[in-house]
Amino acid sequence: MLDIRFIKENLGAVRQNIRNRYMNADADLVVSLYDRRNALLRELEDARRLRNENAQAMKSPMSAEDRAARIEEGKRLKETIARLETELQEAEASFAVEMAKIPNMAHPDAPRGKEDKDNLEVKRVGSPTQFDFPPKDHVELGQSLDIIDFDTATRVSGTKFYYLKNEAVILELALVRYALDILSRHGFTLMATPDIAKTEILEGIGFNPRGAESNVYTLEGEDTCLIGTAEITLGGYHSGTILDKSQLPIRYAGISHCFRREAGAAGQFSKGLYRVHQFTKVEMFVYCLPEDSGRIHEELRAIEEEIFSSLGVPFRVVDTCTGDLGAPAYRKWDLEAWMPGRNNGEWGEITSTSNCTDYQARRLNVRYRDDDGKNRFVHMLNGTAIACSRAIISILENFQQADGSVRIPDALVPYCGFDVIRPRKK
RNA sequence: GGAGAGAUGACCGAGCGGCCGAAGGUGCACGAUUGGAAGUCGUGAGUACCCCUAAAGGGUACCGAGGGUUCAAAUCCCUCUCUCUCCGCCA
């Protein structure tokens with residue numbers, strides 16, 4: 001969330017930002033709810049002060065009548081306080097609901113636009129793969145190589161699930177290990193995180209666990225959810241703590257499963273591994289000083305580029321437009337890999353890195369003590385190192401050969417123990 | 001899952017319902033003493049929010065969390081969470 005005082009002082013800019021991001025939020029309503037909350041708070045504190053003074057006065061000896069009068073006064077105040085407390089609670093609740101809808105401010109250079117087609121391409125590495133034969137998509141390849149089974153997964157678990165089989169199992173593990181090795185070299189602390197997190201952490205990160213449009217699986221009667229990304233568990237790791245300034249930046253690389261409901265995603269491109277309910281991902285997460293977050297965001301992007309460059313997957317980088325940023329991000333880079341099997345060749349998102357500034361830190365209450373002794377909110381950033389399902393798409397489709405086999409990228413051969421996946425005779 | 005013990009400020013640790021935002025100790029910051037250090041002495045210091053602000057100042061809340069009793073709760077009652085010990089179960 002934003003700082004309410006910032007909203008009050010920059011109301012015009014906040015309104016404009018909400019419009020630029022095509023979000024459904026009302027800054028003016030937030031301000032008026034806040035003012036109402038403050039008025040009630042003042043009234044309540046006043047009543048409490050009178051109560052304390054009354055109780056204080058009763059410490060000294062007094063006549064029976066005076067004492068009785070004091071007790072009456074105390075009882076009256078008790079009722080007033082109880083009433084005001086209820087009202088304040090309601091006011092704070094409605095304030096919190098509206099406040100949560102206000103998105104982070106956007107970087108001034110982030111392109112204005114509504115949807116992903118308004119994202120701005122800023123860089124290309126490699127060029128779309130050329131084939132001298134008709135290329136297959138990864139669903140077909142997965143079948144002919146006998147390494148991905150969608151049909152059985154649909155029967156056992158439902159649509160948008162999959163079994164990895166044979167070499168694909170090794171390939172996934174190889175990708176994970178490859179990413180972890182690179183991140184370890186970049187000074188990241190490696191983590192394998194829980195796949196479940198509390199609702200309050202989800203909300204702090206900026207996810208909406210409830211509602212029909214939510215992308216989150218909630219666990220019945222538990223107040224917990226299946227995580228959609230390790231960003232949640234890594235961002236929650238230091239929730240409610242004050243970090244030592246000298247520890248910063250803290251870099252974590254977390255591996256987890258990711259679960260997404262993808263409700264209403266039927267109309268979108270949903271074939272194969274691209275949009276699935278469960279996948280494995282290595283996520284980068286950084287806690288840093290406010291003045292460092294811009295630079296570190298570039299570092300995260302550079303690491304993502306390093307990973308996919310070294311794999312030999314053609315990709316481009318886009319500067320995500322305001323309407324596509326989501327609520328927490330101040331700025332976001334997406335890496336889009338060339339996917340030859342997608343609509344006869346198309347860019348498809350494989351990683352993404354966001355600078356969320358202090359938006360998440362404020363609600364999760366992650367601070368550091370500054371040199372002047374003041375506690376300030378850290379900045380938090382995240383980025384995908386490897387999302388296995390989509391990485392596998394990009395490898396299968398770009399590295400396929402005329403004979404129906406798929407070559408393993410050189411960098412992954414030592415991790416896989418084989419350099420090609422051949423069609424399996426049935 | 002069962003039984004017991006506990007949770008107080010950066011840390012340790014006291015705390016009879018009103019004199020407790022909280023003793024004492026350690027640690028911390030500053031000052032004095034010293035050639036310098038140690039030691040000693042003195043002073044200061046929590047967090048959040050609200051009001052008022054130029055600054056200063058004032059108020060409210062916070063003793064694991066949430067409820068309750070009371071004119072008044074760190075202190076009494078209930079629920080929950082967590083930690084430790086023992087038992088059970090188990091990848």
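Lettering follows sequence order; numbering is per chain, from 1.
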Contact nearer the 5' end of RNA chain B, comparing A:Glu45 with A:Lys75: A:Glu45
What distance, rounded to whole Å, do you find between the two P atoms, one in B:U34 and one in B:C20? 38 Å
With A:Arg390 as the cation and A:Tyr274 as the aromatic partner, state whether NZ or CZ is under 6.0 Å from the six-membered ring centre and within 45° of the axis. yes
Which whole-number value in Å describes the distance from A:Phe95 CZ to B:C49 P? 12 Å
Atom CG of A:Leu44 and atom P of B:C51 are separated, to the nearest Å, by 14 Å
Distance in angstrom units between A:Arg37 CZ and B:U60 P, rounded: 16 Å
Over all strands shown, is A:Arg42 touching base, sugar-phosphate only, or nothing at heavy-atom distances under 4.0 angstrom? sugar-phosphate
Which base, if any, makes a Watson-Crick or G-U wobble pair with B:A5, both distances under 3.5 Å? B:U83
Separation between CZ (A:Arg51) and CD (A:Glu45), nearest 0.5 Å, reads 11.5 Å
Atom-to-atom span, CD of A:Glu53 to C1' of B:G59 - whole angstrom: 10 Å
A:Ser405 and A:Gln401: side-chain donor and acceptor closer than 3.5 Å? yes
Watson-Crick or G-U counterpart of B:G46, or none if no pair lies under 3.5 Å: B:C62
Taking the six-membered ring for Trp, are A:Tyr162 and A:Phe150 parallel (under 30°), tilted (30 to 60°) or perpendicular (over 60°)? tilted
For B:G9 versus B:C87, give the span between their C1' atoms, rounded off to a whole number of Å. 37 Å
Rounded interatomic separation in angstrom, taking CZ from A:Arg67 and P from B:U70: 17 Å
In whole angstrom, what separates A:Glu73's CD from B:U70's P? 17 Å
Applying a 3.5 Å limit to both distances, which nucleotide forms a Watson-Crick or G-U wobble pair with B:C41? B:G31
Would you mind classifying the nucleic acid contact of A:Arg76 as base, sugar-phosphate or nothing, using non-hydrogen atoms under 4.0 angstrom? nothing
Interatomic distance at C1', B:U83 relative to B:C30, whole Å: 38 Å
For A:Glu200, is there an ion pair with A:Lys198 - N to carboxylate O distance below 4.0 angstrom? no
Looking at the side chain of A:Arg49, which of B:U60, B:A48, B:C50 is the nearest nucleotide? B:U60
Quick note, A:Lys78 side chain, CB onward, closest among B:G59, B:A72, B:C49 is B:A72
B:C86 and B:C49, which share atom name C1', separated by this distance in whole Å: 45 Å
For B:U53 versus B:G58, give the span between their C1' atoms, rounded off to a whole number of Å. 11 Å
Using Watson-Crick or G-U wobble geometry with both distances under 3.5 Å, which nucleotide pairs with B:A73? none
RNA chain B: A:Arg369 or A:Met58, which has the more 5' nearest nucleotide? A:Arg369
Between B:A74 and B:G66, how far apart are the P atoms? Round to whole Å, please. 13 Å
Expressed as a whole number of Å, how far does the C1' atom of B:C62 sit from that of B:C71? 22 Å
Rounded to whole Å, the CD-C1' distance (A:Glu200 to B:A65) equals 11 Å
CG of A:Asp46 versus C1' of B:C49: gap in Å, rounded? 15 Å
Proximal nucleotide (of B:C50, B:U60, B:U47) relative to the A:Arg5 side chain: B:C50
Say we look at B:C82 and B:G24: how far apart would their C1' atoms be, to the nearest angstrom? 28 Å
Are OP1 or OP2 of B:A61 and a side-chain N or O of A:Asn52 less than 4.0 angstrom apart? yes
From B:C71, B:C50, B:U60, nucleotide with atom closest to A:Tyr34 side chain: B:C50
Ignoring the backbone of A:Gln89, work out which of B:U60, B:C49, B:G67 is nearest its side chain. B:G67
Is it the case that atom NZ in A:Lys114 sees more than 12 heavy atoms from other parts of the structure closer than 6.0 Å? no
Are the side chain of A:Asp137 and the backbone of A:Val139 linked by a donor-acceptor contact shorter than 3.5 Å? yes
